[in-house]
Amino acid sequence: MNSVGEACTELKREYDQCFNRWFAEKFLKGESDGDPCGQLFKRYQLCVQKAIKEKDIPIEGLEFMGPSKGKTENSS
């Protein structure tokens with residue numbers, strides 16, 4: 001699957017490959033030390049954030065990019 005931004009697709013593939021390798025070779029065997037893919041994830045995340053802004057994609061209410069400033073809870 002491609003990323004939201006064309007420029008981010010290669011970073012996504014690199015991160016996915018790193019994560020899948022870590023998950024299969026380390027995590028599933030009980031070795032969860034460290035974060036070998038953390039830097040790749042941060043680079044990919046920054047790329048996606050930039051692409052979302054450039055494409056003017058509304059992300060209001062989503063917290064996966066970090067908590068919204070001044071967000072109030074919805075009382076139903």
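In what follows, every heavy atom counts, from backbone to side chain, and hydrogens, waters and symmetry copies are set aside. Note that the structure is predicted; figures quoted are calculated from it, not measured.
- The 12-atom threshold is not exceeded at CD of E6, counting heavy atoms of other residues, nucleotides or ligands nearer than 6.0 Å.
- A single hydrophobic cluster is seen to contain both F41 and W22, as judged by linkage of ILVMFWY side chains at heavy-atom distances under 4.5 Å, directly or through other members.
- With sequence neighbours excluded, no residue forms a salt bridge (Lys or Arg N to Asp or Glu O under 4.0 Å) with K53.
- For the side-chain contact (heavy atoms from CB on, under 4.5 Å) test, residues two or more places apart in sequence or in another chain that qualify with S32 are F27.
- Residues R43 and Q39 are not in side-chain contact: their nearest non-hydrogen atoms beyond the backbone lie 4.5 Å or more apart.
- A parallel orientation is assigned to the rings of F19 and F23, their planes being inclined by less than 30° (bins at 30° and 60°).
- To the nearest 0.5 angstrom, C47 atom SG is 12.5 Å from K12 atom NZ.
- Separation of atoms OG1 (T9) and CG (N2) is listed at 4.0 Å; rounding is to 0.5 Å.
- Closest of all the heavy-atom pairs between K55 and V4 is NZ-O, 2.9 Å.
- Partner of L46 under the side chain to side chain contact (heavy atoms under 4.5 Å, CB included) criterion, out of K50, Q49, K42: Q49 alone.
- Closest heavy-atom contact between G5 and A51: CA-CB, 3.8 Å.
- The distance from the CG atom of N20 to the CD atom of E25 is 10.5 Å, given to the nearest 0.5 Å.
- In this pair, Y15 and Y44 present their aromatic rings parallel. The plane angle is below 30°, not in the 30 to 60° band.
- Residues meeting the side-chain contact (heavy atoms from CB on, under 4.5 Å) test with E10, sequence neighbours left out: R13, E14.
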